[in-house]
Protein chains: 2
Amino acid sequence: MLHVAEAARVSVATVSAYINGTTTVSRELSGRIEQAIREIGYKRNAIARSLKIGTTRTIGLTVPHITNPFFTDVVSVIQQAFDRAGYAVMLCCTDEDLNNQDEQIRLLLDRMVDGLIIARVGDGAYLKETVERANVPVVLLDREVDDVDSDRVVLDNHQAVFDAITYLLDLGHRRIGYITGAFNITPMRDRMTGYHEALLNAGLAFDQSLVRSGDLHEADGYTAAMQLLSLHDRPTAIFSANNPMVVGAMKAIRDLGLSCPEDVSVICFDDFPWADVFNPQLTTIAQPVQAIGEQTASLLLDRLNGNREAPSRRLVLKGRLMVRNSCRPLQAGANTTASVA
Amino acid sequence: MLHVAEAARVSVATVSAYINGTTTVSRELSGRIEQAIREIGYKRNAIARSLKIGTTRTIGLTVPHITNPFFTDVVSVIQQAFDRAGYAVMLCCTDEDLNNQDEQIRLLLDRMVDGLIIARVGDGAYLKETVERANVPVVLLDREVDDVDSDRVVLDNHQAVFDAITYLLDLGHRRIGYITGAFNITPMRDRMTGYHEALLNAGLAFDQSLVRSGDLHEADGYTAAMQLLSLHDRPTAIFSANNPMVVGAMKAIRDLGLSCPEDVSVICFDDFPWADVFNPQLTTIAQPVQAIGEQTASLLLDRLNGNREAPSRRLVLKGRLMVRNSCRPLQAGANTTASVA
DNA sequence: AAAGCTAATCTAAACGTTTCGAATTAGTCA
DNA sequence: TGACTAATTCGAAACGTTTAGATTAGCTTT
């Protein structure tokens, strides 16, 4: 900018005023400045600017895994929204690891991001302090943390799973295997209660042996399904609480020489673009990813636009059961408890 | 930092020296500083630091679409690599739009990223100037631009498609539909020549009516496949030059009441996690995404670590045909040219 | 013609670091 | 003891902007 000022024979203040339109600058000087900028190929240094004005027009976004199609989509939507609003987004993937998350949030905060979107990992308590210290607005995505004062957008996980399990029950399934992750993140907890309540609602007892929990990865889904399907009276249906694990589960089904939906019905959380193209066409719970992403972005943008003091908001969206053909109705006879080899 | 210095009754220079380990600072002052930092909850302002030292430890990454599984994976790998190296990554999605790309690169450069990874969009010429002006190292990913002096890592697209088409020819297919995108990006060009050469190699004539090009999106794949499969003597196999388009193509096949591989064999570029779980298990060309991501990151990191003057490097990796069951051998009779309704 | 406006431009301080070189202190050696 | 060296610590300038307030010039008004 100094060079531009010299070349245009004006002060840097005038150049700044011209660029930002802060003050009117005469036709004459405008012309000289414009030309100098062009000749020199000057670009404003956003770092210096940020230092001065105290805002970076950058936000931080951390998710567990970008390869999980739910997060892929949500990240994509969020990215677009901030792009439109003139913000850059720094993306971090925690890989479901608490240390990574800590480190990355610290990194983002150091870099003076204007806001933070966090799909957290690990125990909520850890994050509470971090969030409260960060004096930038944060919105929690998908996974909440209790009694921390920040905006959040989540799914009605309980209801969504309740619906899905009820659907299976209506088809006549009684032994429904449930593959989940650790309960230290809210969605897994809420999804589980949906399972519970659906069983309860149908007057069925809860059988602990039908629940397997892993670490949310494909491999965990594989082992979980392997175990479930090796039970003496194996479940007639399997519900997977996330998408990566269902891939593992399907592989287990394949490797055991079973097939879906003939031998075992399957439903999973999170829809994906291929679901209705290949067979079996998986019945899934679709989250409204577009809405989730947009709402998340707009909550944060609202704060960034100055609405700092409003009480924290909690948006709850509804999932939708996408019924396809991975679940088959059971004959009346097979309902009760038995199964065949 | 000023506050820390005051609280510890030392100068800011000493605090800085302590934090960075630039100079030895006595046990006594170290203790006071440490305590002051803790009490105040001080975090170094990376923006101010960047301004001074002229480096942001941030890189920019632009890809067309993060939802395309190839890019999802590559982004994921790259992100991890830079995370490990202590860099943040700013992610931009151009949505295959040239203006977006221009704007985003400008934005990233303004923000003084230390380096840039670009999977470009649109005509190469546009980018050439931008890349040459940016005085940070850039590495081109997947899509090259001619005669610009920068590192790049690409796939041997020609060979990969040659192999895939040859595989189809060996199965007896003679009329192979080809769904592609505009030829202003190198991979689409190179993939096409692979198709050409495989036909040539088999002594077959090139039939323009079997080639449809769209805009790389799912919808384009759908229309392309619709058109191909409505031809009087429709192709017995379809090759899709990217992944999103094959989803569309599969939907077209389904909507026409056809099935794969019985009525039409299918191969697509880019593997995806579900490929061997659902039916038909799609035969694909798998790119070594892990290697691509890591090589890309390491080329850039090498430059960032000071190796600025080395001549630009071009890494070419090999694709691999993942043979599954979406292609069926044709009976000797059906080979020549005819087909059934 | 002096005073008062308005519009345009400029000077200089500030943002929070790093870093150079100077200053201080302590220790060592002749 | 005094000079020299080494180890610490510090003052102040610099990075490239923004911005408050000062200055100047050109008009208008009385």
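Convention: sequence-line order gives letters A, B, ...; per-chain numbering from 1. Excluded from the calculations below are hydrogen atoms, water molecules and symmetry mates; all remaining heavy atoms, backbone and side chain alike, are included.
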**Request:** Could you pull out the closest heavy-atom pair between A:L317 and A:I292, with the gap in Å?
**Result:** CD1-CG1, 3.5 Å
Which listed nucleotide ([options]) is nearest to the side chain of [X]?
X     : options                : answer
B:S11 : C:dT18, D:dG11, D:dT19 : D:dG11
B:V25 : D:dT9, D:dT17, C:dT18  : D:dT9
B:A13 : D:dT17, D:dC10, C:dT18 : D:dC10

Please determine whether a side-chain nitrogen of the Lys or Arg among [X] and [Y] lies less than 4.0 Å from a carboxylate oxygen of the Asp or Glu.
X      : Y      : answer
A:E96  : A:R143 : yes
B:K128 : B:D146 : no
B:R49  : A:D110 : no

Could you tell me how far apart [X] ([atom1]) and [N] ([atom2]) are, to the nearest whole angstrom?
X     : N      : atom1 : atom2 : answer
A:N20 : D:dA20 : CG    : P     : 13 Å
B:E28 : D:dC10 : CD    : P     : 11 Å
B:I47 : C:dC15 : CD1   : C1'   : 11 Å
A:L2  : C:dA12 : CG    : P     : 15 Å
A:R9  : C:dT9  : CZ    : P     : 13 Å
B:I37 : C:dT17 : CD1   : P     : 10 Å
A:K52 : C:dA14 : NZ    : C1'   : 4 Å
A:I33 : C:dA8  : CD1   : C1'   : 11 Å

**Fill in**
side chain to side chain contact (heavy atoms under 4.5 Å, CB included) test vs B:L116 passes for just one of B:L140, B:L61, B:L109, B:V131, namely B:L109
**Complete:** side chain to side chain contact (heavy atoms under 4.5 Å, CB included) test vs B:L141 passes for just one of B:I117, B:L300, B:L299, namely B:I117
Would you mind classifying the nucleic acid contact of [X] as base, sugar-phosphate or nothing, using non-hydrogen atoms under 4.0 angstrom?
X     : value
B:L29 : sugar-phosphate
B:L51 : base
B:S16 : base
A:T22 : nothing
A:S50 : nothing
A:Y42 : sugar-phosphate

Under 4.0 Å: is that the gap between some side-chain N or O of [X] and OP1 or OP2 of [N]?
X     : N      : value
A:T23 : C:dA8  : no
B:T14 : D:dT9  : no
B:S26 : D:dT9  : yes
B:N45 : C:dC15 : no
A:R44 : D:dT18 : yes

**Message:** For B:D73, is there any backbone N or O sitting under 3.5 Å from a side-chain donor or acceptor partner on A:T67?
**Reply:** no
**Message:** Let me test you: for the helix from C:dA1-D:dT30 to C:dA30-D:dT1, what is the angle between the axes at its two ends (five pairs each), rounded to 10 degrees?
**Reply:** 60°
**Complete:** Per side chain to side chain donor-acceptor pair (under 3.5 Å), B:H65 is matched among B:D95, B:N242, B:T72 by B:D95
